[in-house]
Amino acid sequence: MPLITLPDGSQHRFVAPLTGAALAAAIGPGLARDAIAMKVDGVLMDLSREIDHDAHVVFITRKDPEALELIRHDAAHVLAEAVQTLYPGTQVTIGPTIENGFYYDFARNEPFTLEDLPAIEAKMREIIARNAPFVREVWDRDEAIRFFEAKGEHYKAEIIRDLPETEVITLYRQGEWVDLCRGPHMRSTGDVGTAFKLMKVAGAYWRGDHRNPMLSRIYGTAWRNQAELDAYLHMLAEAERRDHRRIAREMDLFHFQEEAAGSVFWHANGWRLYRTVQAYMRRRLEQAGYQEVHTPQLVDRALWEASGHWEKFREHMFVVQLENENRTLALKPMNCPCHVQIFRQGVRSYRELPLRMAEFGSCHRFEPSGALHGLMRVRGFTQDDAHIFCTEEQISSETVRFVELLRTVYRDFGFAEFRVKFSDRPPVRAGSDAVWDRAEAALSEACTLAGVDYTLNPGEGAFYGPKLEFVLRDAIGRDWQCGTLQVDFVLPERLDAEYVAEDGSRRRPVMLHRAVLGSFERFIGILIEHYAGRFPLWLAPVQAVVATIVADADAYAAEVAAQLRKAGLFVLLDTANEKITAKVRTHSLAHVPVLAVVGRKEAENGTVSLRRLGSERQEVLALEEAVRRLAKEACPPDLHA
RNA sequence: GCCGACGUAGCUCAGCGGUAGAGCAACUGAUUCGUAAUCAGUAGGUCCUCGGUUCAAAUCCGAGCGUCGGCACCA
């Protein structure tokens with residue numbers, strides 16, 4: 001005699017166990033029509049499941065957030081049926097939901113290509129139109145294994161074998177087709193609806209392990225209604241519009257070419273942007289008590305052996321074998337060993353600690369070809385790197401200082417939000433548990449003092465120490481890990497760094513490896529996408545264009561440009577024989593933030609007409625006033641009075 | 001590195017066995033114009049590279065390189 005409590009508090013007693021569908025029908029025809037699943041005491045279930053005990057029941061309709069998961073999960077099943085109908089002999093493996101959609105991995109000799117998708121999607125729509133109910137069946141484990149083996153579904157059989165003995169083995173039927181699945185599902189395939197789309201194909205290793213066979217994955221997106229699907233597709237188009245590689249062409253920032261895969265050719269505009277970012281960082285670091293150094297690119301193998309990189313990082317290093325001398329050098333993949341060399345010059349005193357050594361360190365790492373991606377993943381890059389040599393007691397206060405620096409920098413670049421991930425001791429590690437206890441406590445305490453919350457990444461720390469990772473969120477909600485702070489007990493030991501303590505004894509410093517931006521290349525890529533090329537004035541590589549309407553204004557336009565340059569702006573002069581509409585279009589497409597238009601009127605009155613990128617508003621100002629305002633606006637945030 | 005797609009003028013792309021094309025950009029000329037494309041003309045190509053098939057290859061096949069989307073990797 002189950003007593004059912006609904007979200008509105010009402011209670012209903014039934015004389016016998018009943019299914020969710022029956023319960024919905026008992027409550028009302030509207031609910032019977034709209035309910036696609038239910039939560040029984042907080043657990044999401046099929047409507048076909050029987051409720052035989054007192055329970056709190058919440059019905060799920062398409063309006064609920066849970067519906068997305070269900071729709072995507074069921075869409076994955078429909079996809080699998082469609083594929084197996086069209087391509088007999090294809091084995092199914094797994095098909096989970098993901099952010100924005102779902103995928104299904106298939107085992108097939110011939111991988112799927114983009115051309116296969118329209119037919120598969122059409123078949124999916126057929127299956128959905130057929131509207132076959134999802135039927136849940138509980139199977140005996142061994143029988144299920146035999147069943148799938150007999151069908152030639154070896155991956156499914158393997159999945160069942162690996163399930164814990166206690167797990168109930170359930171299969172779901174949709175018409176003729178059946179799949180191993182934990183569930184829950186909606187009522188029938190028709191509940192998937194029509195707001196879905198197959199997006200792309202990709203290879204993916206079975207169980208994510210590169211030693212396993214590669215499966216053929218089909219990605220799809222699915223939503224509750226067409227409007228949501230359209231909005232998602234629109235968002236993708238927006239991300240495409242912001243792609244830093246595309247904007248780089250529009251703004252003439254940089255390029256890549258085959259002869260230097262993974263290394264950037266910075267054009268004048270891009271390099272100006274780079275220098276602006278770097279000059280800003282240099283000032284911030286100086287204010288924060290860092291000393292800047294510069295260390296060699298090419299360093300003998302002996303140092304990398306001593307630091308441990310030769311053993312642990314060899315396959316990522318560019319190695320140079322000298323022909324004339326019997327010597328092996330490597331391009332540095334990191335700056336830390338070189339910084340320790342500077343620390344080791346002379347005798348260091350505890351009075352010098354914390355010693356904050358910064359370098360805009362140009363590093364090279366051999367990245368696998370498939371990993372390269374515009375500015376975001378390159379082989380040659382420059383880190384805003386620094387190493388803080390300090391005592392164990394100073395870890396906490398140095399971390400607080402670092403978080404403050406990072407918060408300031410991110411804010412200045414227009415990132416309001418960031419979050420922190422804390423990676424603690426991994427299973428295999430150097431250093432005693434007591435030292436790890438203290439280091440982790442210091443980082444944790446520092447986060448509290450700095451007023452930042454963190455999420456824990458258990459066991460994800462480096463072997464040499466725990467770390468914090470700083471993830472910022474861009475204008476369209478994507479996350480980018482940029483900053484990092486890593487505690488290192490190992491390198492000072494390996495490279496024999498020491499200082500003289502207050503009591504005259506020799507001690508090992510702790511090293512904090514830290515970066516705010518990560519690499520300039522990647523951070524600039526993020527900036528480009530964050531701003532979609534429409535930079536605030538202080539960052540814009542071309543800050544203004546002075547454009548003439550008639551040739552009579554050429555001389556005055558040159559004067560305007562000269563005044564703006566004198567005030568420190570980077571300005572181009574456009575006296576081309578074009579109509580002003582064409583000039584507006586050209587410079588708008590190049591994302592120039594300020595267009596200073598001058599015609600006869602401005603020349604006569606000593607004014608300029610300012611037009612901001614993306615706005616049709618015009619503001620006519622006296623020249624000196626325009627220069628004053630723009631100069632102020634172009635001032636980097638750290639230099640404001 | 002693995003799977004798939006792609007590589008044609010500076011850019012965006014068409015052509016898909018039979019003499020390399022368009023728009024924009026560039027250059028020249030005309031036009032002097034008030035806030036997102038003025039008109040006309042000219043020039044511009046080892047069709048990524050190397051091999052193969054063919055009377056004939058941008059086009060078909062193979063390998064390599066690169067790019068893109070994923071997967072793996074990111075100490």
Side-chain angles (χ1 to χ4, degrees), chain A residues 98 103 105-106 108 110-117 199-219 236 240 243 245-246 249-250 252 255-262 307-317 333-334 336 365-374 376-379 426 428 460-464 467 481 484 486 488 490 513 518-519 522 547-554 575-590 592 595-602 609-620:
Chain A
I98 50 173
Y103 67 77
D105 284 346
F106 300 98
R108 182 168 182 253
E110 188 88 344
F112 293 106
T113 72
L114 234 36
E115 283 87 77
D116 298 324
L117 297 189
M199 302 297 284
K200 55 195 174 191
V201 293
Y205 299 106
W206 167 237
R207 296 194 154 161
D209 189 327
H210 68 277
R211 289 164 304 195
N212 287 338
M214 181 156 277
L215 307 172
S216 187
R217 175 175 298 179
I218 297 177
Y219 282 96
L236 287 184
E240 161 83 26
D243 190 303
R245 295 161 298 196
R246 172 203 186 94
R249 258 197 309 277
E250 294 166 353
D252 194 15
H255 84 271
F256 289 92
Q257 66 186 50
E258 286 195 28
E259 289 81 354
S307 69
H309 288 90
W310 195 260
E311 186 200 347
K312 292 222 186 301
F313 207 67
R314 172 78 181 78
E315 74 253 36
H316 297 286
M317 290 165 68
M334 294 176 206
C336 24
R365 293 181 193 175
F366 182 81
E367 299 287 353
S369 58
L372 299 179
H373 177 89
M376 304 307 188
R377 189 88 178 258
V378 288
R379 287 179 176 158
V428 180
E460 291 294 306
F463 77 94
Y464 50 73
K467 63 182 175 187
Q481 193 207 300
T484 179
Q486 308 182 7
D488 188 349
V490 172
H513 306 250
S519 90
R522 183 160 174 278
T548 53
I549 293 172
V550 291
D552 289 353
D554 284 3
T575 55
N577 181 6
E578 283 292 346
K579 290 168 66 158
I580 191 62
T581 50
K583 295 185 185 182
V584 166
R585 178 179 153 81
T586 302
H587 303 301
S588 296
L589 290 175
V592 175
L595 196 59
V597 176
V598 297
R600 280 202 192 90
K601 266 190 288 183
E602 287 77 10
S609 167
L610 297 185
R611 180 194 164 111
R612 299 300 178 129
L613 177 59
S615 161
E616 289 176 19
R617 241 188 77 227
Q618 298 162 36
E619 193 177 18
V620 179

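Proteins get letters first, then strands, A, B, ... in listed order; numbering begins at 1 in each. These values consider heavy atoms only, across backbone and side chains, with no hydrogens, waters or symmetry-generated copies.
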Proximity to the side chain of A/Thr113 - top-ranked nucleotide from B/rG4, B/rA36, B/rA72
B/rG4

So, A/His255 and A/Gln257: side-chain donor and acceptor under 3.5 Å apart, yes or no?
yes

Given that both distances must come in under 3.5 Å, which nucleotide forms a Watson-Crick or G-U wobble pair with B/rA25?
none

Out of B/rA5, B/rG69, B/rU12, which has the shortest distance to the side chain of A/Arg249?
B/rU12

Going by atom types alone, do A/Tyr205 and A/Arg207 pair a side-chain donor with an acceptor below 3.5 Å?
no

Taking A/Asp116 for its side chain and A/Thr113 for its backbone only, find out whether a donor-acceptor pair lies under 3.5 Å.
yes

Measuring only the C1' atom in each nucleotide, how far is B/rG52 from B/rA57? A whole number of Å is fine.
11 Å

Assuming nearest nucleotide by heavy-atom distance, tell me which of A/Val550 and A/Lys312 is located more 5' along RNA chain B.
A/Val550

C1' atoms of B/rG21 and B/rA9, separation to the nearest Å
10 Å

In whole angstroms, how far is the P atom of B/rA72 from the CE atom of A/Met214?
9 Å

Donor on one side chain, acceptor on other, A/Lys583 and A/Thr548, under 3.5 Å
yes

Rounded to whole angstrom, note down the P distance from B/rU28 over to B/rG44.
16 Å

Record whether the side chain of A/Glu602 comes under 3.5 Å of the base of B/rG34 through a donor-acceptor pair of N or O atoms.
yes

Within 6.0 Å of CD in A/Glu315, more than 12 heavy atoms from elsewhere:
yes

Nearest whole angstrom, please: distance from the C1' of B/rC11 to the CZ of A/Arg585.
13 Å

Let me know the distance between CD of A/Glu258 and C1' of B/rC6, rounded to the nearest Å.
13 Å

Check: B/rC3 base within 3.5 Å donor-acceptor of A/Arg108 side chain
no

Testing the basics here: between A/Leu589 and A/Glu250, what is the closest heavy-atom pair and its distance to 0.1 Å?
O-CB, 3.8 Å

Describe the nucleic acid contact of A/His587 in one word from base, sugar-phosphate, nothing, applying a heavy-atom distance below 4.0 Å.
nothing

Could you tell me how far apart A/Asp209 (CG) and B/rG1 (P) are, to the nearest whole angstrom?
19 Å

Checking N1-N3 plus N6-O4 or O6-N4 for Watson-Crick, or N1-O2 and O6-N3 for wobble, each under 3.5 Å, the partner of B/rG44 is none

Whole Å only: how far is the NE2 atom of A/His210 from the P atom of B/rC2?
12 Å

At under 4.0 Å between heavy atoms, what does A/Ala204 touch on the DNA or RNA strands: base, sugar-phosphate, or nothing?
sugar-phosphate

Identify whether any heavy atom of A/Lys583 sits under 4.0 Å from a base atom; if not, whether one sits that close to sugar-phosphate; answer base, sugar-phosphate or nothing.
nothing

Gap between atoms NE2 and C1', on A/His513 and B/rC74 respectively (whole Å)
16 Å

Under a 3.5 Å limit on both distances, the Watson-Crick or wobble mate of B/rG17 is none

Sugar-phosphate only, base, or nothing, as touched by A/Glu578 at under 4.0 Å among non-hydrogen atoms:
base

Measuring only the P atom in each nucleotide, how far is B/rA20 from B/rU32? A whole number of Å is fine.
43 Å

At under 4.0 Å, does any side-chain N or O of A/Arg245 touch on OP1 or OP2 of B/rG69?
yes

Under 3.5 Å donor-acceptor pair, A/Tyr205 side-chain atoms to B/rG70 base atoms
no

Paired with B/rC68 by Watson-Crick or G-U wobble geometry, both distances under 3.5 Å: which nucleotide is it?
B/rG4

Looking at A/Ser369, I'd like to know whether one of its side-chain N or O atoms comes within less than 4.0 Å of OP1 or OP2 on B/rG1.
yes

In whole angstrom, give me the gap between the C1' atoms of B/rA40 and B/rU53.
47 Å

Between B/rC65, B/rU35, B/rC71, which nucleotide gets closest to the side-chain atoms of A/Thr581?
B/rU35

Across the strands shown, which category fits A/Leu372 at heavy-atom distances under 4.0 angstrom: base, sugar-phosphate, nothing?
sugar-phosphate

Contact class for A/Pro111 vs. all strands (heavy atom < 4.0 Å): base, sugar-phosphate, or nothing?
sugar-phosphate

What integer number of Å spans the C1' atoms of B/rA30 and B/rU35?
24 Å

Mind checking A/Ser588 for me? I need base, sugar-phosphate or nothing, with any heavy atom below 4.0 Å counting as a touch.
base

Measuring only the P atom in each nucleotide, how far is B/rU19 from B/rA26? A whole number of Å is fine.
32 Å

Please name the pair of heavy atoms, one in A/Glu367 and one in A/Arg377, separated by the smallest distance, quoted to 0.1 Å.
OE1-NH2, 2.8 Å

Looking at every strand, decide which applies to A/Arg600 at a 4.0 Å heavy-atom threshold: base, sugar-phosphate, or nothing.
base

Scan A/Ala582 against the nucleic acid and name what it touches under 4.0 Å (heavy atoms): base, sugar-phosphate only, or nothing.
sugar-phosphate

First encountered from the 5' end of RNA chain B, between A/Leu215 and A/His373:
A/Leu215

Donor-acceptor pair, side chain of A/Thr575 and main chain of A/Asp554, under 3.5 angstrom
no

Within the 4.0 Å heavy-atom criterion, would you say A/Arg611 contacts the bases, only the backbone, or no part of the nucleic acid?
base

Counterpart base for B/rA30, defined by Watson-Crick or G-U wobble contacts under 3.5 Å:
B/rU38

Minimum heavy-atom separation for A/Pro368 and A/Arg379, please, with both atom names.
C-NH2, 4.0 Å

Looking across every strand, which nucleic acid part, if any, lies under 4.0 Å from A/Gly374 by heavy atom: base, sugar-phosphate, or nothing?
sugar-phosphate

Taking any heavy-atom pair under 4.0 Å as a contact, classify A/Ser609: base, sugar-phosphate, or nothing.
base

Check whether any side-chain nitrogen or oxygen of A/Arg217 sits under 4.0 Å from OP1 or OP2 of B/rC3, and answer yes or no.
no

Rounding to an integer number of angstrom, what distance separates B/rU12 and B/rG17 when you compare their P atoms?
25 Å

Base, sugar-phosphate alone, or nothing: which one does A/Gly208 contact when heavy atoms must sit under 4.0 Å apart?
sugar-phosphate

Rounded to whole Å, the OH-P distance (A/Tyr219 to B/rG70) equals 8 Å

Answer with base, sugar-phosphate or nothing: what part of the nucleic acid does A/Ile580 contact at a heavy-atom distance below 4.0 Å?
sugar-phosphate

Taking any strand in view, what nucleotide pairs with B/rC50 in a Watson-Crick or G-U wobble way, both distances under 3.5 Å?
B/rG62

